[in-house]
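Every number for a ligand or one of its atoms is a count from 1 in the order of the listing.
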Amino acid sequence: MSMQKQIRKKITVSTISKYKNREKIVMITAYDALFASLFEEQVDMILVGDSLNMSFMGRNDTLSSTMDQMIYHTKAVCNGAQSPLIVFDMPFGSYNTKEDALKNAIRVYKETNADAIKIEGGSERAEIVKHLTDNGIAVVSHIGLMPQFVRSEGGYKVRGKSEEDAQKLMQDAIKMQESGAFIVLLEGIKSEVATEITKALSVPTIGIGAGVGCDGQVLVWSDMFGFFEEFKPKFVKQYLKGGKIIRESLAEYVKDVKEAKFPTDEFSY
Ligand code: KIV
């Protein structure tokens, strides 16, 4: 594949729906214009995930993320990337009622160029998803391990280990599809359960820690490129040792400055 920046056609909700059983969907997170522009010509979708509250804000979980914070980062991502389908991650507490969910989702559409919003939760959120989709909002449903439930669940727990839980996940996924979600994102689910869900749905699934049987995959960019080193779940493949490279390069710069070796004439006027 050429690494020259290419002008691609905009990927829309209807384009993505056609990927099912044809082509795997590639999604990555991004939180700013710089990285969004680096990712844009190779990925199908960009998620402005509330994971930014951990990797970039330095908090222990995603729960303190706010609408203002997410809007700011989504505007930046939309400035950097035009062709991928961009998904806004609704922060904790912003969609507890259908009225709040719609009010906040409308704000997303009015203030940013995001194409869709993502909400965490299974069947219990069905009415909210239906209300959103009935009112012209494209919804990605996020089920399985849901980071916004980390405090109420007492940790991040892999789902689908028992037959009962596998059935609950299947019901949740079907309910989300029936409520109008155009993608069901499956996080931290036993691979065989995620594969069965993917086969049962007509909308695409996107997995994170849910095995290769999903219709697409998403990873958090700072995890996969080795910049966020405090957190290394089993499902993260590190494609780069980013933190190590930065520290080594920084050490060279520090040494150059301390020893008055930078700037040389080459870098001076
Ligand atoms: O916030 C996020 O980045 C996410 C992914 C883990 C799917 O929700």
**OP:** Dump the intermediate steps for salt bridge (charged side-chain N to carboxylate O under 4.0 Å, His left out) on Glu252 and Lys255, then the final yes or no.
**Re:** CA-CA 5 Å; Glu252 271 183 54; Lys255 188 167 177 291; over 6 Å; no
**OP:** Below 4.0 angstrom from a heavy atom of Gly49, which ligand 1 atoms are there? Numbered from 1 as shown, please.
**Re:** 1 (O), 2 (C), 3 (O)
Subject >> Test of ring centre spacing under 6.0 Å for Phe267 and Phe262 >> reply: yes
Original post:
Considering only heavy atoms, does Asp89 approach ligand 1 within less than 4.0 Å through its side chain, its backbone, both, or neither?
Top reply: side chain
Subject >> For Ile208, atoms of ligand 1 separated by under 4.0 Å from a heavy atom >> reply: 6 (C)
Subject >> Per-atom contacts, ligand 1 versus Thr29 - under 4.0 Å to a heavy atom >> reply: 3 (O)
**OP:** Please work out whether any backbone atom (N, CA, C, O) or any side-chain heavy atom from C-beta onward of Leu52 is under 4.0 Å from ligand 1, and answer side chain, backbone, both or neither.
**Re:** neither
**OP:** Go through ligand 1 atom by atom and flag the ones less than 4.0 Å from a non-hydrogen atom of His142.
**Re:** 8 (O)
**OP:** Salt-bridge test for Lys232 and Asp223: reply yes if a basic N is under 4.0 Å from a carboxylate O, no otherwise.
**Re:** no
Original post:
Under a 4.5 Å side-chain heavy-atom rule over Ile, Leu, Val, Met, Phe, Trp and Tyr, are Phe149 and Ile119 clustered together?
Top reply: no
Original post:
Taking C-beta and beyond as the side chain, do Met146 and Glu187 meet within less than 4.5 Å on heavy atoms?
Top reply: no
Subject >> Shortest protein contact, atom 3 (O) of ligand 1 (heavy atom only) >> reply: Ser51 OG, 2.6 Å
Original post:
Is the shortest N/O to N/O distance between Asp50 and ligand 1 below 3.5 Å?
Top reply: yes
**OP:** Verify the neighbour count for atom CD of Glu127: are there more than 12 heavy atoms of other residues, nucleotides or ligands below 6.0 Å?
**Re:** no
Subject >> From Met54, Met70, Met27, Lys118 - option closest to atom 8 (O) of ligand 1 by heavy atom >> reply: Lys118
**OP:** Classify the ring geometry between His73 and Tyr31 as parallel (under 30°), tilted (30 to 60°) or perpendicular (over 60°).
**Re:** perpendicular
Original post:
Hey, does Glu187 come in under 3.5 Å of ligand 1, counting only N/O atoms on both sides?
Top reply: no
Original post:
At under 4.0 Å between heavy atoms, which part of Val220 makes contact with ligand 1: side chain, backbone, both or neither?
Top reply: side chain
Original post:
Can you check whether Asp115 reaches Thr12 side chain to side chain, under 4.5 Å on heavy atoms?
Top reply: no
Subject >> Nearest-neighbour protein heavy atom for atom 5 (C) of ligand 1, which is reported as residue plus atom name and distance >> reply: Leu47 CD2, 3.8 Å
